[in-house]
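All remarks here apply to the structure that follows.
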Amino acid sequence: MEFRKNSRIFVAGHKGLVGSAILRLLNNEGYTNILTADRQALDLREQSAVDHWFQVNKPEYVFLVAGTVGGIMANSTRPAEFLYDNIMIHANVIHASYLHSVKKLLYLGSSCIYPREAQQPIDESQLLQGPLEPTNEAYALAKISGIKMCSTYRAQYGCNFISAMPTNLYGPGDNFDLHSSHVLPALMRKFYDASHSGSQVVEVWGTGAPLREFLHVDDLAEACVYLMNHYDDADHINVGTGTEVSIAELAELIRLVVSPGTEIRFDRTKPDGTPRKLLNVAKIQDLGWNHKISLEVGIEMTYKWFLSQIGHGLELRGHRNV
Ligand SMILES: NC(=O)c1ccc[n+]([C@@H]2O[C@H](COP(=O)([O-])OP(=O)(O)OC[C@H]3O[C@@H](n4cnc5c(N)ncnc54)[C@H](OP(=O)(O)O)[C@@H]3O)[C@@H](O)[C@H]2O)c1
């Protein structure tokens, strides 16, 4: 079932990294009936408010991409928030989608749902096959319950709710706040700060050895719309590039683009997180979707966007202020 250009499509979390990319794509592709509600208008943790909003706005399709999201530091210091917020958001939105007969919902999980020692590259069957990475266990548990909500609502009520597990994302709209950002925007911000403060050194958390995969958010947005149109299974599906770099290699790529004169120093007292995290993306590739933006090009695009935001006079502080 393909959604039409005039279908009522709710992008939950439209101001975030992912939500804003989906909104951009839908607008560019001529979708005319896109519904949004920011946190002030609708706190998705509030069940009755969410139910009322669905009753009034009657969305036919839902991209559920809202959530409390962050890097290792935020996950380790605010686990209760990560668990509570994310469970409440998906419980309310998925249940309201069922009650109000949404035709299809796409829920976004994360590659953090897989066990710390998952076999690499990680295919979808690895879910719940071992202990989780302790530094993001609360977030992962919340996300796993979201996947299970989609599959149980499908099994019990016949809802066409699907879930996709993206790898690490980056791109325009990312969070560059050093207290809550993910590794790629955090490094970009650190190198930018170093180049503007005359500092010769950037500290990188951990040993630099962990291997990670990065997907540009515009590629993810394409994948989400593709899945909305072409995927109707109960099982979740991975979304990534299928390629990986070490944190040291990533830091070097960003250093070259942002501040070639700065030296990298690894702070080995800080945690590394999962040693390796590469998704097996054979399933989505077999379905006909592939990423387009290389990491090198994506970093340059993101840095251009970052600079353009500074050019608009926004402060380099706070959540998504750049
Ligand atoms: N970023 C990644 O690397 C990554 C990787 C894998 C999966 N994901 C998944 O992708 C989804 C989106 O992530 P993101 O990176 O786009 O996060 P983000 O940039 O932090 O955006 C999250 C969005 O959710 C909204 N939101 C949060 N709590 C809300 C609430 N209580 N009520 C209403 N809106 C609320 C935020 O609103 P405000 O603007 O008001 O804060 C924001 O628009 C999440 O489910 C995440 O698990 C992200």
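Just so you know, these numbers use all the heavy atoms, side chains as well, and skip hydrogens, waters and symmetry mates. Being a predicted model, the structure only gives us computed values, none of them experimental.
Taking the six-membered ring for Trp and the full ring otherwise, the centers of Tyr226 and Tyr231 sit at least 6.0 Å from each other. No close placement of the Phe161 and Tyr107 rings is indicated, their centers lying 6.0 Å or farther apart.
Of all the heavy atoms in Thr135 and Asn75, the pair that sits closest is O-CB, 3.3 Å. Heavy atoms only, all atoms of each residue included: Asp123 and Tyr114 are closest at O-CE2, 3.7 Å.
By the salt bridge (charged side-chain N to carboxylate O under 4.0 Å, His left out) test, Asp233 pairs with no residue at all, sequence neighbours left out. Qualifying ring pair (Phe, Tyr, Trp, His ring centres under 6.0 Å) partners for Phe10, counting only residues two or more places apart in sequence or in other chains: Trp53, Phe54. Listed by chain and number, the residues in a ring pair (Phe, Tyr, Trp, His ring centres under 6.0 Å) with Tyr84 amount to none (sequence neighbours excluded). Annotation: side-chain contact (heavy atoms from CB on, under 4.5 Å) contacts of Ala164 (sequence neighbours excluded): Leu108, Leu227, Ile237, Val239. Remark: Glu137 pairs with no residue by the salt bridge (charged side-chain N to carboxylate O under 4.0 Å, His left out) rule, at least two apart or across chains. Partners of Glu81 under the salt bridge (charged side-chain N to carboxylate O under 4.0 Å, His left out) rule, at least two apart in sequence or in another chain, are Arg78. Not a single side-chain hydrogen bond (donor to acceptor under 3.5 Å, both in side chains) links His52 to another residue, sequence neighbours left out. Contacts of Lys58 classified as side-chain contact (heavy atoms from CB on, under 4.5 Å), with partners at least two apart in sequence or in another chain: Arg8. With sequence neighbours left out, the salt bridge (charged side-chain N to carboxylate O under 4.0 Å, His left out) criterion links Lys270 to Asp267.
The side-chain hydrogen bond (donor to acceptor under 3.5 Å, both in side chains) contacts involving residues 255-265 comprise Glu252-Arg255, Ser259-Thr262, where partners must be two or more places apart or lie in separate chains.
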Please determine whether side-chain contact (heavy atoms from CB on, under 4.5 Å) holds for the pair Ser181 and Phe176, giving the CA-CA distance in whole Å, both sets of side-chain angles, and the decisive distance to 0.1 Å. CA-CA 6 Å; Ser181 52; Phe176 289 85; 5.8 Å; no
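Around CD of Gln200, the count of heavy atoms belonging to other residues, nucleotides or ligands within 6.0 Å does not exceed 12.
Taking Ile, Leu, Val, Met, Phe, Trp and Tyr as hydrophobic and joining them when side-chain heavy atoms fall under 4.5 Å apart, one finds Leu278 isolated, its cluster having no other members. Using a 4.5 Å cut-off between side-chain heavy atoms of Ile, Leu, Val, Met, Phe, Trp and Tyr, Met301 falls into a hydrophobic cluster with Ile293, Val297.
A continuous path of ILVMFWY side-chain contacts below 4.5 Å connects Val257 to Tyr170, so both sit in one hydrophobic cluster.
Salt bridge absent: Lys104 and Glu60 never bring a charged side-chain N and a carboxylate O closer than 4.0 Å.
Side chains of His95 and Asp51: a donor-acceptor N/O pair is absent below 3.5 angstrom, by distance only.
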